[in-house]
Amino acid sequence: MNKLSLNDLSLKSTRVLMRVDFNVPQNADGTVADDTRILGALKSIEYIREQGGKLILMSHLGRPKNVAKAKDDAERAEFEANNAKLHMDPIADNLREKVGGNVTKVNDIIGPEVEAAVAAMEDGDILVLENTRLNPGETANDPELSKALASLADVYVSDAFGAVHRAHASTQGVTEYIDQCAAGFLVEKEIAYFDTILNNPERPLAAILGGAKVSDKITVIDNLLELVDTLVIGGGMAYTFMKAQGYEIGDSLLDEPGLETAKAVMAKAAEKGVQLLLPVDNTAADDFSVDANTQVCKLGEIQPGWEGLDIGPETIELFKDAISKSKTVVWNGPLGVFELEPFAKGTRALGDLLAERDDITSVIGGGDTAAAVVKFGIADKMSHVSTGGGASLEMLEGKALPGIVSLTDKA
Ligand code: AMP
């Protein structure tokens, strides 16, 4: 990547404003339920501390409501109750337990309290700002907010891969008012993996796509067809492809607007010489539940009243065979309803194959696919599990990400 790295910055006694992705799942009492994202940023955090920087951390958390836009008192009260649960205190507490030392939390992201806290920082201290999205200027990418954030620090670091596809004040706007804006270690690692897939993969390169809707993933499919040798499609979106070929799919998920897209994808794959693999059998159920009756149906045999919720045993072998011949695999979207055990077999089988094969570079897109490999206990056996669902999809779509583009180019 041709962008300034955290390694390039001189950090001693420097005020470092670092955007992290601490948008973590929380328990009912607010404590951190899953600290994967906090752990992801620890390498950069510890490095900045060791170098004697004064580290100011900022992140969004959840989806705060804009209280100024409440239409009446009742809605205002509802918005305020929602936002009261979205303070960064439990996250700062979790971080303090991990890194020790002086970790302080302030109740705003800009303003006198924050400025005073920054002025009081010693080398190696950490200051956690409040949830950036509690300020409506964040998502509006408000220049005044960006300037005020920039005035807190000497240098900026982006280590929030999960948020770099957003042009917000803390991810993009702020970079316009700070001279040195660098990528943190997590962002560098994420970009390096996706860059390899996009520009220099060891071949054969395969993509596994799943999940619910074709329409949501059309741009990514289109771009992947330019890159991959093999494209494997499973999950809910596969039924739209089957229907487009004239097969009965019973009550399986059908994305009507995606039918034409599916036909275009099949034509483009043939034209590009990409091996396109679709399910040849499915595990169908008479209900979307763990207690449903299930049966394996060959292509076109799913009856009304039944819906395909996983790929079938023959398809598992077909997909495993193609994937095992690959050297690089990128995976976005589960192959079935992996959240329900009876329909997790396909996703688990492909995950297990990648876990066993050290010679295949496996890159797992964030979101549901990352959740699946975590659930199966094989996340650490993948070459890379992305921390950004939306950002990794946009990378695979070939889009430029605003939070990356705006970092300082290397001299
Ligand atoms: P997406 O957000 O589009 O990646 O979709 C992920 C969701 O698709 C997961 O929650 C899966 O449970 C769901 N999914 C996967 N396969 C199927 C299927 N055959 N029918 C319905 N939903 C599915």
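Residue numbers start at 1 and run along the sequence shown. Counting convention: from 1, in listed order, for ligands and their atoms alike.
For the pair E339 and ligand 1, the shortest N or O to N or O distance falls below 3.5 Å. Considering both main-chain and side-chain atoms, K217 comes within under 3.5 Å of ligand 1 through a nitrogen or oxygen pair.
At a heavy-atom distance under 4.0 Å, no atom of E307 approaches ligand 1. Looking at M237 against ligand 1, nothing comes within 4.0 Å, counting heavy atoms. No part of F343 comes within 4.0 Å of ligand 1, judged by heavy-atom distances.
Using a cutoff of 4.0 Å between basic side-chain nitrogens and carboxylate oxygens, K381 and E356 are not scored as salt-bridged. A salt bridge links R19 with E138: the closest approach of a Lys/Arg side-chain nitrogen to an acidic carboxylate oxygen falls below 4.0 angstrom. Salt bridge annotation for K298-D281: absent, with no cationic side-chain nitrogen under 4.0 angstrom from a carboxylate oxygen. Classification of E341 and R348 as a salt-bridged pair holds, one side-chain N sitting under 4.0 Å from a carboxylate O. Using a 4.0 Å cut-off between charged side-chain N and carboxylate O, R49 and E46 make no salt bridge.
The shortest contact between atom 19 (N) of ligand 1 and any protein heavy atom is with G308 O, 3.0 Å. Considering only non-hydrogen protein atoms, atom 16 (N) of ligand 1 sits nearest to G236 N, 3.1 Å. Scanning the protein heavy atoms around atom 3 (O) of ligand 1, the nearest turns out to be A212 N, 3.0 Å. When only non-hydrogen protein atoms are considered, atom 22 (N) of ligand 1 lies nearest to V337 CG2, 3.6 Å.
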Evaluation steps, salt bridge (charged side-chain N to carboxylate O under 4.0 Å, His left out), between K345 and D310 | CA-CA 7 Å; K345 285 195 189 75; D310 195 7; over 6 Å; no
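Counting heavy atoms only, D368 comes closest to atom 7 (C) of ligand 1 of the residues L335, D368, T369.
When the options V20, N23, T139 are evaluated for a side-chain contact (heavy atoms from CB on, under 4.5 Å) with H60, the one that passes is N23.
Atoms of ligand 1 lying under 4.0 Å from any heavy atom of L309, numbered from 1 in the order shown and given with element: 19 (N), 20 (N). Of all atoms in ligand 1, listed by their number and element, those nearer than 4.0 Å to a heavy atom of G211 are 1 (P), 3 (O), 4 (O), 5 (O), 6 (C), 8 (O). Listed by number with element, the atoms of ligand 1 under 4.0 Å from a non-hydrogen atom of Y239 are 19 (N).
For the atom pair CG (D89) and CG (N94), the distance works out to 12.5 Å, reported to the nearest 0.5 Å.
There is no protein heavy atom closer than 4.0 angstrom to atom 13 (C) of ligand 1.
Ring pair F338/F376 is perpendicular by interplanar angle, where above 60° counts as perpendicular and below 30° as parallel.
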